[in-house]
Amino acid sequence: GDDGTPNRLRSATDVSTANWPCPSQTQHHQWKTNKMNENVSVTREINAPADRVWEMVSDLPRMGEWSPENEGGVWLKDANGPLEGVKFRGANRLGKRSWKTVATIIDAEPGHRLAFRTSVMGIPDSDWSYDLESTDSGCRVTESWTDRRPGWIKPLTALVTGVSDRKTHNRAGMEQTLKSLGAAAE
């Protein structure tokens, strides 16, 4: 196209990530994200204390126990827990397709909130958050996702992940994640 994106993609072999525009480590580049970011939030009541549920969602290697797509995460640069500014690498799988992201913790308030921002090869991807509110019977958990991908990369990420409607796909995955999280916490 006129904006540098391919007019059509024939197969996954047509896409080489080696040629994706990516800022060098010495160059600062601000990627232009969508003006109309898609957002999804799913809420579930869990019969377990908010502190226990927060410990579970912030234990990144365990995330794969309840997420249908994420296989867990590994803390980077000697980090060993969720603190603002800390980075981790997340591993994801959908069928035979797999991909990794780098995420930065943007908010970590034990028992209340965990939020992180993901990127792929330096390109903005998404924001994820878990907001917890204590209730009489345990807690209310809201998992939220905001799509931060620039429009030009969406066809490429659809090829890599096999998901063209990320909003609908993530809603279903988030519902399953919170259901499994609740079952593990209760």
Side-chain angles (χ1 to χ4, degrees), residues 33 37-95 97-149 157 160-163 165-186:
T33 57
N37 289 341
E38 292 184 307
N39 298 289
V40 174
S41 289
V42 175
T43 300
R44 184 175 185 90
E45 300 284 330
I46 295 180
N47 295 323
D51 288 338
R52 179 185 320 152
V53 175
W54 189 88
E55 286 176 16
M56 293 172 72
V57 297
S58 65
D59 186 359
L60 297 176
R62 292 191 64 199
M63 185 59 77
E65 293 177 30
W66 35 83
S67 172
E69 186 171 297
N70 181 270
E71 296 183 311
V74 177
W75 298 110
L76 299 176
K77 297 186 180 181
D78 298 325
N80 60 7
L83 298 171
E84 196 169 322
V86 166
K87 294 182 183 291
F88 67 91
R89 182 176 319 285
N92 301 284
R93 176 172 301 281
L94 193 56
R97 298 169 190 251
S98 64
W99 63 99
K100 295 184 181 195
T101 61
V102 173
T104 303
I105 302 291
I106 56 176
D107 197 0
E109 187 179 345
H112 298 285
R113 179 171 170 79
L114 178 69
F116 52 90
R117 176 165 287 160
T118 66
S119 64
V120 177
M121 297 175 53
I123 301 168
D125 184 60
S126 57
D127 287 349
W128 290 88
S129 64
Y130 294 86
D131 291 289
L132 295 86
E133 176 186 348
S134 292
T135 64
D136 291 340
S137 61
C139 66
R140 181 175 304 111
V141 181
T142 300
E143 181 179 10
S144 300
W145 166 80
T146 301
D147 188 355
R148 296 180 56 247
R149 296 172 298 163
T157 58
V160 171
T161 66
V163 176
D165 184 351
R166 184 47 73 175
K167 184 176 181 178
T168 300
H169 174 81
N170 279 2
R171 179 177 302 282
M174 292 158 69
E175 288 170 354
Q176 185 177 346
T177 297
L178 292 186
K179 181 179 179 182
S180 298
L181 179 66
E186 295 171 346

Can you list the residues that meet the side-chain contact (heavy atoms from CB on, under 4.5 Å) rule with Ser134, with sequence neighbours excluded? Ala50
I need the minimum non-hydrogen distance between Ala115 and Ser129, along with the two atoms involved. CB-CB, 3.8 Å
Minimum heavy-atom distance Ser67-Thr177, with the two atoms named: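 Smallest interatomic distance, heavy atoms only, reads CA-OG1, 3.5 Å.
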Is Asp147 salt-bridged to Lys167, cutoff N-O under 4.0 Å?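 Looking at Lys167 together with Asp147, the answer is no, because their closest N to O distance does not fall below 4.0 Å.
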Residues Arg44, Glu186: salt bridge by 4.0 Å N-O rule: no
Would you say the side chain of [Y] lies within less than 4.5 Å of the side chain of [X], judging by non-hydrogen atoms?
{"X": "Arg166", "Y": "Thr161", "value": "yes"}
{"X": "Glu65", "Y": "Ser180", "value": "no"}
{"X": "Trp54", "Y": "Pro49", "value": "no"}

Between His169 and Leu94, is a side-chain contact (heavy atoms from CB on, under 4.5 Å) present by the stated rule, with each step listed? CA-CA 11 Å; His169 174 81; Leu94 193 56; 3.7 Å; yes
Under a 3.5 Å distance rule, please check whether Arg148 uses its side chain to pair with a backbone N or O of Asp127 as donor and acceptor. no
Contacts of type side-chain hydrogen bond (donor to acceptor under 3.5 Å, both in side chains), residue Asp59, not counting sequence neighbours: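 Partners of Asp59 under the side-chain hydrogen bond (donor to acceptor under 3.5 Å, both in side chains) test: none.
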With rounding to the nearest 0.5 Å, note down the distance linking CG in Leu132 to CZ in Arg52.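 If we round to the nearest 0.5 Å, Leu132:CG and Arg52:CZ are 12.5 Å apart.
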Can you tell me how the ring of Trp145 sits relative to the ring of Trp128, calling it parallel under 30°, perpendicular over 60° and tilted otherwise? tilted
With no hydrogens and no angle check, do the side chains of Thr118 and Asp125 hold a donor and an acceptor under 3.5 Å apart?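 Their side chains do contain a donor-acceptor pair, which is all the 3.5 Å distance test asks for.
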Glu71: which of Lys100, Arg93, Arg62 passes salt bridge (charged side-chain N to carboxylate O under 4.0 Å, His left out):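 Of the listed options, the one satisfying the test is Arg93.
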Which of these passes side-chain contact (heavy atoms from CB on, under 4.5 Å) with Tyr130: Met56, Glu143, Arg113?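 Of the listed options, the one satisfying the test is Glu143.
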